[in-house]
Structure formats: structure tokens, C-alpha cells
Amino acid sequence: MAAKVYKPAAEVNLGPDSDEFYISPNVKAPRVAGLLVKIFVWILEMPIIGSMVLYILKKDNLINKLVQDAEIPEPPLFTSTHSWEDIPEQNVCLTKPDLSPPERVQEAVSCLPASLESTLAGSPPSSPKRWTIRDFNRAYSSGEVTPVQVAKRFLAAVKECSGPGLNMAFFISYSPEDIIRQAEESTLRYQRGTPLSAMDGILVAVKDEIDCLPYPTTGGTRWLGRARACAADAAAVAQLRACGAVLAGKTNMHELGAGTSGINPHHGSTRNPHNPGRVSGGSSSGSAAAVCAGLCPVALGVDGGGKQTVVLPRSVSISSMTCTCADRRRRRRRGFAGSVRMPAALCGVVGFKPTAGRLSNAGVLPLNWTVGMPGILAGTVEDVGMPGILAGTVEDAAVAYSAIVDQSQPSYLRPELNLPLLKSSLSIKNIKLAKYAKWFNDSSEDIRSCCDKSLQMLHAHYGWETLDVTIPEIEEMRLAHYVTIGSECTASLAKYLDKLKRSEIGWDVRVALGVYGSFSSRAYLNSQRLRNRQMYFHKEIFKTADVIVSPMTGVTAYKLQDDALKSGELDYINGAALVRYSIAGNFLGLPAITVMEACKKHYKKPEVFYDLLKKD
């Protein structure tokens with residue numbers, strides 16, 4: 001099979017009339033789990049036969065043709081950094097320089113409307129009550145409830161959902177004593193009228209890929225916590241602690257982030273709160289599921305782009321759209337996807353990763369240093385903040401981002417920090433949405449239809465226009481991202497893996513590590529050349545468009561099958577479809593966000609859900 005010869009990026013037509021060929025992933029690998037995955041591992045780890053099998057797999061899946069052996073004229077680009085361009089933005093609040101984390105949180109709260117419904121407008125009483133950071137803060141300030149009372153309700157809920165009846169596996173470790181201690185300190189501050197910030201007493205869960213005392217950081221393994229001591233809080237965690245947040249423990253994740261199903265044979269497979277018979281997605285599975293279940297309004301994750309699968313459950317009529325957009329300060333671009341955004345979409349919460357460099361990676365496992373970074377999951381967009389934040393609302397996402405954004409660099413080196421002015425009654429005008437139809441439509445009918453309706457709604461309500469464009473070499477980018485993330489993971493873990501017994505690693509992860517270790521230096525270098533090309537393509541598209549839109553995943557959620565619980569599973573066909581729209585955010589360092597879009601009139605309450613502000 002002849003290797004691909006790429007023409008210079010500047011000669012590629014990015015318009016709707018482009019003759020660039022769209023390659024829909026044609027992954028050639030059956031789903032295997034249980035005994036079959038063990039047999040496959042034994043074959044793969046044989047000295048000669050294993051190498052032959054790996055060569056055939058890479059050849060059949062076009063890695064050799066499109067990446068390793070390809071001729072690419074551009075030089076390699078090893079980091080996805082973006083220059084700071086001081087371009088005016090609409091409806092934003094420019095924060096003062098050198099503010100402390102609590103002061104930034106106060107700035108973010110001042111940008112929010114006086115009140116924001118925690119349930120969707122017009123939703124019936126059966127819809128879930130999405131309590132936001134401000135809801136908890138108001139309840140604490142009024143004395144209606146205390147952080148200690150909420151902490152006790154949280155611990156009772158975690159105990160219940162972790163038991164044999166539900167076995168949701170949201171957390172790898174949590175300390176009731178430490179959580180109550182933090183809550184008692186917060187309660188005293190509220191009683192004295194001196195809370196540290198609006199986040200004082202707010203429960204925040206932390207993915208077990210981020211250092212958070214007093215817990216070990218296991219990365220979802222059985223061994224890493226012993227091999228690597230956790231000596232201090234990660235930078236993002238330290239900033240949350242400075243705001244008075246109650247760190248609620250370490251959430252479950254796909255082992256070493258080497259998959260996106262959330263199936264973990266060591267700590268239990270995180271189940272989707274909407275339907276416990278389905279996967280929650282990953283690798284930040286526990287963080288997304290904990291927010292979805294109402295256990296906390298905000299959680300931290302880490303977003304590297306995903307390596308296998310993540311989806312939306314068929315039981316809920318939720319879809320999400322992915323968009324990458326220029327928000328202009330640091331040419332910050334927003335999009336949806338990755339190890340934070342995919343489980344957020346699957347669990348029906350908000351998932352946000354900022355521009356590369358906006359959040360500090362200090363204290364985060366360096367599993368893939370040029371594509372991975374912290375992220376935020378929230379129940380609302382109001383709560384979302386940065387590393388990789390998961391939240392129940394967009395409102396919460398904004399508050400959390402303000403708390404953990406990295407401001408440690410000298411002011412002349414860092415871009416200005418703008419926060420969305422959500423209290424403004426003026427809508428943002430003249431937004432151009434770029435859509436690559438062949439790529440956009442390469443998803444299941446229900447997802448495609450829902451996302452099309454979203455674009456129609458944005459045009460009808462705000463006058464936002466959709467522009468037809470071509471984004472070339474999407475499958476090539478997916479493969480280059482896979483080579484990059486695998487090569488960096490292998491290099492990062494080499495000092496541990498050389499001394500480790502293979503039996504301590506999950507079966508599916510042993511396959512992943514075997515594939516990662518087979519990538520050559522030429523494949524890695526060519527992947528960075530492809531990164532350079534994609535950076536050029538996206539910058540050119542952003543000259544005429546503000547946002548690139550697409551669905552979040554190509555297929556919907558699948559069932560959590562019993563044969564995968566103890567061995568993990570290899571499901572690369574679904575995986576390729578699930579990460580189809582998630583790569584650019586990580587590979588190119590673009591900011592990305594996942595938000596829900598309902599195709600039915602109302603959202604459905606998750607089957608596993610806890611109301612921590614309910615009156616006793």
C-alpha cells in the first residue's frame with residue numbers, strides 16, 4: 001500500500017467546493033472482552049508473533065500509509081501553543097490583573113445575572129433540580145443549611161450508590177473524616193460572616209489523575225499510587241482550596257486514561273446515572289457521573305482527547321454539539337470533545353477545557369504532555385472553570401474556571417483574562433458558524449437531526465449564520481493524535497513499567513501499551529507535521545468563522561456488558577466513532593466545551609440522582 005504524499009497545506013482548498021476526500025474511519029478490529037482479550041494479550045506479548053500482529057494492525061488501520069511512511073512537506077510542530085492577540089470581544093468582563101483565586105471568583109459571580117433558574121425553563125417538577133454554586137452559597141449564607149449538613153448528605157449518598165445494590169463506582173477514594181473537617185471549617189466561616197468566596201463549602205470532586213491531599217494519585221491503577229508519592233496539591237486543587245471549596249475525594253477513571261468507556265477492572269466500572277446499565281464515558285468517568293448524579297455542582301477532570309469510546313445514552317434524549325471557536329484574546333478557540341467533554345456529553349452535564357496553557361499542569365500525571373490538560377465538569381455553564389471542568393450548568397463552569405485559571409506567570413507573559421458577561425441582556429451579534437457537512441453528517445441519524453435543529457434554533461433566535469467549509473485530513477489528524485498520545489504515554493510511564501509486573505495492569509490497557517510502544521520515532525515526527533498542517537487549516541477557517549460546529553460523538557451510548565467488568569474491553573470501532581469530533585481541541589490546544597441539547601421537550605431526571613439541598 002503506497003504511502004500518502006501530501007501537498008503543501010497552503011495549496012489545499014478549504015471552501016465548500018473543495019475536492020478533498022473525506023475518509024470515514026474504517027477501523028478493522030473486532031470487539032473483544034473477557035477470555036478473548038486475555039488471549040489477544042498473550043499473542044501480542046509474544047516476542048516475534050506480537051510484532052507481526054502489531055504491524056498488520058497498523059497497516060490495516062492506515063497508520064503506516066497516512067502517518068508513519070507518508071511524505072509531508074511541513075516541519076513538525078511539537079506544542080499546540082497560540083499567540084496572544086489583543087482583539088476586542090463582545091459581552092465580556094476584563095478582570096483586573098494579579099487577583100487572588102477568591103477575588104477572581106467574586107469577579108465571575110458579578111458577571112452573572114441576579115438569578116438563573118436551576119431547572120430548565122418550562123420544565124415540569126419531575127425535571128432534575130440542578131443546584132448551582134450560587135444556590136449552595138445562598139443557602140449557606142442564609143443559614144438554611146450548613147456545609148456540614150450537605151457534607152453528611154453527600155457521604156450518605158456516596159455510601160448508598162457505592163453499595164452492592166447500585167455499584168455506581170463514582171469514587172476511587174474519599175475520606176469522610178477529611179471531608180467533614182473541611183466542611184466544619186467552612187461552616188464556622190459562614191457563621192462568622194467571613195466566607196472565603198462564593199465557592200466556600202462547595203463540594204468539588206477531583207479526577208484521580210490530579211494530585212489532591214490526603215489521597216494517593218493512582219491514575220486508575222492498582223500500582224501508581226505506590227510508585228509515585230503525592231506530596232502536595234495540584235495547582236488547580238490548591239486554588240480551589242484557597243477559595244474554601246470542600247475537596248470531596250478522587251473520582252474513578254479509565255485506567256491510565258487509556259480508553260473512554262470508564263470501564264475499570266481495578267476500581268469498578270463507573271455507571272451512567274441516567275441508566276446504570278450503560279457506560280458513563282471517560283476517561284474522566286467518575287467526575288462526570290458524580291456531577292450528573294447531583295453529588296457536587298463541579299468536578300475536575302483531565303482532557304487528553306480520548307482513545308476509545310464515549311457516548312450518549314439512548315435512554316435520555318440529550319445530544320451535544322461540539323464547536324471550536326476563536327474567542328480572540330489568545331486566539332482562544334472553543335470546541336467540544338476529549339476525555340472531559342465526552343463523558344460530560346454522555347452524562348448530560350457541561351464539560352470544558354480551556355486553551356492550552358490557560359490552566360497549570362502542575363500536579364497532573366504527565367501521561368501525554370502535549371495534548372492533555374485539566375478540565376472542568378459542571379452541572380451548569382455558570383459553574384464551569386478551567387483545567388478540565390465538569391459542571392451541571394454553564395454558569396457553574398464560568399465560576400470554577402475563574403478559580404483555577406493559571407495566573408502564575410508574569411503579567412507581561414500571560415493573556416488577559418476575560419469572563420463572559422452573562423448578565424448582559426444583549427446577545428452576541430454576527431457569529432459565523434463553520435460546518436463541514438461530510439464530517440458533521442458522519443453520525444447516527446438521531447444525533448445528526450438533533451444538532452441540525454440546534455443550528456436552526458441559533459439562526460432563528462440570534463441570526464447566527466452557518467458557513468459551509470472543508471476541514472481536510474480529519475482521519476489523518478485522528479491517527480496522528482493517537483500516535484502522539486500513545487508515544488508520550490509510553491515515554492512518561494517507562495520508568496515505572498520497566499519495574500512492574502504485567503499482572504498489575506488491566507488486560508485492555510496491556511493491549512494499549514503494547515500498541516503505544518510500537519510507534520516509531522518517524523511516526524511521531526510525522527504526527528507533529530500533521531499537527532502543523534491542521535493548525536494552519538484551522539487558523540485559516542477562523543479568519544472567516546468564529547466557531548466550528550459538529551456533534552459531540554458519532555454514535556450513542558452502549559451497554560455495559562458483564563464480560564468487560566473484570567478484563568476491560570477493546571471496542572475500537574465504536575471508539576473511532578466516539579472520538580470523531582473530539583480531536584482538534586486537544587491536538588491543536590483549542591478551548592472546547594460540551595453543552596447539552598435536548599431533542600425532546602424536557603430533560604429526564606437521572607435514575608440515580610441526589611438532592612443535597614433538600615429540606616429534611
Side-chain angles (χ1 to χ4, degrees), residues 1-13 18-30 40 43-80 258 304-308 368 370-371 438-439 470-491 494 511-538 570 572-573 575-577 579-580 583-584 586-588:
M1 188 181 297
K4 180 172 180 177
V5 178
Y6 291 81
K7 59 185 176 183
E11 297 179 9
V12 177
N13 183 359
S18 175
D19 60 357
E20 289 294 310
F21 183 71
Y22 173 72
I23 302 175
S24 182
N26 183 24
V27 179
K28 296 181 179 179
F40 185 65
I43 294 173
L44 205 61
E45 293 178 351
M46 292 180 181
I48 298 176
I49 298 177
S51 298
M52 295 172 60
V53 171
L54 285 171
Y55 176 82
I56 293 171
L57 285 174
K58 289 189 293 183
K59 179 175 178 290
D60 287 348
N61 289 285
L62 303 181
I63 290 177
N64 292 348
K65 176 182 179 179
L66 300 181
V67 181
Q68 177 174 290
D69 301 330
E71 295 183 23
I72 308 172
E74 285 73 26
L77 177 66
F78 293 100
T79 59
S80 52
K307 305 175 188 70
Q308 276 192 46
N368 30 76
T370 72
V371 293
K438 293 180 181 178
W439 181 48
T470 296
I471 307 175
E473 303 166 15
I474 287 177
E475 175 63 0
E476 291 86 338
M477 177 170 61
R478 183 185 73 84
L479 294 174
H481 172 269
Y482 183 66
V483 170
T484 300
I485 209 170
S487 300
E488 293 177 358
C489 182
T490 300
V511 172
L513 292 175
V515 176
Y516 296 167
S518 72
F519 294 138
S520 66
S521 57
R522 181 176 179 182
Y524 184 80
L525 287 171
N526 272 356
S527 295
Q528 309 323 302
R529 291 185 171 95
L530 288 170
R531 192 206 298 255
N532 197 355
R533 291 174 66 84
Q534 285 295 328
M535 192 74 82
Y536 172 82
F537 295 150
H538 281 70
L570 304 176
Y572 292 108
I573 294 176
V579 302
R580 182 167 300 149
I583 303 303
N586 298 97
F587 199 44
L588 307 181

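- Put simply, the side chain of Leu530 does not reach to within 4.5 Å of the side chain of Met477, judged on heavy atoms.
- Taking 4.5 Å as the limit, every side-chain heavy atom of Glu20 sits out of range of all side-chain heavy atoms of Ile474.
- In this structure, CG on Leu479 lies 8.5 Å from CD1 on Ile23, to the nearest 0.5 angstrom.
- Side-chain contact between His481 and Val579 is absent, with no heavy atoms from C-beta onward closer than 4.5 Å.
- No side-chain heavy atom of Phe78 sits less than 4.5 Å from a side-chain heavy atom of Arg531.
- Residues Val53 and Phe40 form a side-chain contact, since some pair of their non-hydrogen atoms from C-beta on lies under 4.5 Å apart.
- The side-chain heavy atoms of Tyr482 and Val67, taken from C-beta on, include no pair separated by under 4.5 Å.
- A donor-acceptor pair shorter than 3.5 Å can be found between the side chains of Arg529 and Asn526.
- Heavy-atom minimum distance, Met535 versus Leu588: CE-O, 3.7 Å.
- Minimum heavy-atom separation, Ser487 to Tyr524: CB-CD1, 3.6 Å.
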Name the atoms and distances for all side-chain donor-acceptor pairs under 3.5 Å in residues 68-77, with sequence neighbours left out.
from	atom 1	to	atom 2	distance (Å)
Gln68	OE1	Ser520	OG	3.2
Glu74	OE1	Arg533	NH1	2.8
Glu74	OE2	Ala9	N	2.8
Glu74	OE2	Arg533	NH1	3.4

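- Atom CG of Leu62 sits about 8.5 Å away from atom CD of Glu476, to the nearest 0.5 Å.
- For Phe587 against Ser80, the heavy-atom pair with the smallest separation is O-CB, 3.6 Å.
- When all heavy atoms of Val12 and Pro472 are compared, the closest pair comes out as CG1-CG, 3.5 Å.
- With Asn368 contributing its side chain and Glu488 its backbone, the two residues share no donor-acceptor pair below 3.5 Å.
- Side-chain contact check for Glu473 versus Gln534: some heavy-atom pair is nearer than 4.5 Å.
- Taking every heavy atom of both residues into account, Lys438 and Tyr22 meet most closely at O-CE2, 3.8 Å.
- Note that the CD1 atom of Ile485 and the OG1 atom of Thr490 stand 11.0 Å from one another [nearest 0.5 Å].
- No more than 12 heavy atoms of other residues, nucleotides or ligands sit less than 6.0 Å from atom NZ of Lys59.
- Counting only heavy atoms from C-beta outward, the side chains of Asn13 and Thr470 never approach each other to under 4.5 Å.
- Contact record, Gln528 with Thr484: NE2-OG1, 2.9 Å, taken as the closest heavy-atom pair.
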